[in-house]
Amino acid sequence: MTSAGAPDSGWSSYWAQGHLHSCPTSFSGFYGPNTQALWQRLAAKLVDTDRVLELGCGNGGLLTFIAGQLRAGESPRLVGVDAAELNPSAMRGSGTGDPDGAGQITLRANTPFESLEPTREFTALVSQFAFEYGATEAAWAAISGAIAPRCMLCWVVHKRGSRLEQVAQDEALLLRTVLAPDGLLVRASEMLPLLMHAATEEGRRALNGNPAAVAVRSHYNAAVSELIERARALTYGGYAEEVLQRLSVLLGGVPQIGISQARVELQQLDSELSAHLARLDALCASALDGTAIDQYQARLERLGFRGMSISVLSEQGAEMGWVLEGLREQ
């Protein structure tokens with residue numbers, strides 16, 4: 001789930017946190033029942049001699065899920081590639097399946113799509129909200145060389161206007177408010193000396209009579225209010241509450257950890273939120289409209305896939321993405 005040829009955009013640090021999929025603010029566990037049913041249908045078709053390739057595997061959540069759905073006695077080889085650094089230990093105890101059980105799983109980190117070898121070995125090609133991030137000409141060419149003459153295809157890709165894109169757009173707007181040059185994080189940084197002084201009675205008295213301190217508090221409170229008001233105006237504004245909670249915990253600990261450590265942690269939060277914003281922007285840029293998904297179908301047909309179908313995957317009554325399915329037989 002990383003752009004194949006573009007900069008990392010924070011995916012390595014994201015996967016290092018142990019996530020198993022790319023939508024933690026929208027879904028817990030492994031997405032919803034319709035998504036699970038899609039991959040269960042694919043798993044039911046796999047046999048012992050199959051070799052499955054996942055494009056943009058992240059920490060192996062999808063492959064682990066597929067491994068847990070395989071029929072008894074079937075043990076196809078499951079391979080995932082991703083351009084980012086990964087944390088495959090996240091698979092253990094994930095509850096999505098047993099990576100040491102039915103299927104043999106191999107995750108290849110730091111492996112852009114373009115670097116796939118022309119082995120013509122993979123009999124199933126899967127991807128979930130990933131390939132569209134790095135669908136370069138070189139990536140399409142590499143896929144052509146990696147798949148076997150007979151190959152099943154099942155891709156889920158981002159859809160323009162889907163809930164995931166809408167969530168990403170709303171969260172990105174909130175993050176731009178937080179990360180602005182005069183935004184919430186800057187105002188929070190200005191609060192650090194005041195919070196140290198406020199740890200004592202004498203310090204609090206001094207702050208109450210200090211116009212500069214009053215102005216700093218006013219600017220911070222105004223930034224908080226601005227974020228809350230923007231969140232209320234959005235359909236998916238709940239992310240603001242998460243940001244405010246994290247910031248509240250950080251600022252509340254200033255008297256214990258000191259200003260220097262608080263600045264370090266505030267910078268870490270800034271870096272994390274900036275990386276998340278980059279991922280959200282990449283999602284929105286990669287979401288496909290009807291014309292683009294038709295172009296994908298045409299590209300796959302040129303690779304020899306037949307009986308192609310395009311459908312819309314929905315969860316919780318909302319559109320999540322496009323589904324592309326087909327079979328190559330040469």
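The shown structure was predicted, so the numbers you read here are calculated from the model rather than taken from an experiment. These numbers come from the heavy atoms of this one structure, side chains and all, not from hydrogens, waters or symmetry mates.
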- Message: Can you give me the closest heavy-atom contact between Arg71 and Val47, atom names plus distance?
- Response: NH2-CG1, 3.5 Å
- Message: Do Ser162 and Met320 have side chains that approach each other closer than 4.5 Å (heavy atoms only, starting at C-beta)?
- Response: no
- Message: If you define the side chain from C-beta out and look only at heavy atoms, does anything of Leu55 sit under 4.5 Å from Val81?
- Response: yes
- Query: Side chains of Gln128 and Trp39: donor-acceptor distance under 3.5 Å anywhere?
  - Reply: yes
- Query: Of the non-hydrogen atoms in Leu125 and Ile147, which two are nearest, and what is the gap between them?
  - Reply: CD2-CG2, 4.1 Å
- Given Thr177, which of Arg230, Glu226, Glu229 fulfils the side chain to side chain donor-acceptor pair (under 3.5 Å) condition? Arg230
- Item | Within-4.5 Å side-chain heavy-atom neighbours: His276 and Leu280 | yes
- Message: Between Asn34 and Ser314 (side chain of the first, backbone of the second, donor and acceptor by atom type, cut-off under 3.5 Å), is there such a pair?
- Response: yes
- Item | Polar side-chain atom of Glu325 near backbone of Ser309 as donor-acceptor pair, under 3.5 Å | no
- Message: Ring-plane angle category for Trp155 and Trp140, please: parallel below 30°, perpendicular beyond 60°, tilted otherwise.
- Response: tilted
- Classify the side-chain pair Glu265/Gln261 by whether it contains a donor and acceptor separated by less than 3.5 Å. yes
- Task: Consider only side-chain N and O atoms of Gln297 and Glu301, and report whether a donor and an acceptor are under 3.5 Å apart.
- Result: yes
- Within-4.5 Å side-chain heavy-atom neighbours: Ile105 and Thr64: yes
- Query: Which pair of heavy atoms, one from Asp281 and one from Ala172, lies closest together, and at what distance?
  - Reply: OD1-CB, 4.1 Å
- Message: Within the structure provided, determine whether Asp82 and Leu107 are in side-chain contact (heavy-atom separation under 4.5 Å).
- Response: no
- Task: Report yes if the side chains of Met152 and Val126 come closer than 4.5 Å at any heavy-atom pair, otherwise no.
- Result: no
- Message: What I'd like to find out is whether the side chain of Met308 reaches to under 4.5 Å of the side chain of Leu153, using heavy atoms alone.
- Response: yes
- Query: According to a 4.5 Å side-chain heavy-atom criterion applied to Ile, Leu, Val, Met, Phe, Trp and Tyr, with indirect links allowed, do Leu194 and Ile259 form part of one hydrophobic cluster?
  - Reply: yes
- Task: Look at Arg299 together with Glu137 and state whether they make a salt bridge at an N to O cut-off of under 4.0 Å.
- Result: yes
- Will you find, in the side chains of Glu114 and Thr136, an N or O donor that is under 3.5 Å from an N or O acceptor? yes
- Query: Does one hydrophobic cluster hold both Leu247 and Ile228, with members joined at side-chain heavy-atom distances below 4.5 Å?
  - Reply: yes
Pair up each side-chain donor or acceptor in residues 209-219 with any protein partner under 3.5 Å, not counting sequence neighbours, and list the distances.
residue : atom : partner : partner atom : Å
Asn210  : OD1  : Ala212  : N            : 2.9
Asn210  : OD1  : Ala213  : N            : 3.2
His219  : ND1  : Ala215  : O            : 3.3

- Cluster overlap Ile310 with Val312, hydrophobic side-chain contacts below 4.5 Å: yes
- Item | Polar side chain donor-acceptor pair, His197 to Glu202, under 3.5 angstrom | no
- Can you name the one residue among Trp322, Tyr296, Tyr133 that meets ring pair (Phe, Tyr, Trp, His ring centres under 6.0 Å) with His158? Tyr133
- Verify whether one side chain among Arg150 and Thr123 offers a donor that lies under 3.5 Å from an acceptor in the other. no
- Message: Using a strict threshold of under 4.0 Å (side-chain N to carboxylate O), is an ion pair present between Glu165 and Arg160?
- Response: yes
- Query: Is there a chain of hydrophobic side chains (I, L, V, M, F, W, Y, each step under 4.5 Å between heavy atoms) that links Tyr220 to Val186?
  - Reply: no
- Query: Are any of the side-chain heavy atoms of Arg163 and Val167 separated by less than 4.5 Å?
  - Reply: yes
- Which atom names give the shortest non-hydrogen contact between Cys151 and Ala124, and what distance separates them? SG-N, 3.7 Å
- Do we see a donor-acceptor contact under 3.5 Å between the side chains of Glu315 and Thr35? yes
- Task: Using the six-membered ring of Phe122, assess whether NZ or CZ of Arg51 lies under 6.0 Å from its centre and within 45 degrees of the ring axis.
- Result: yes
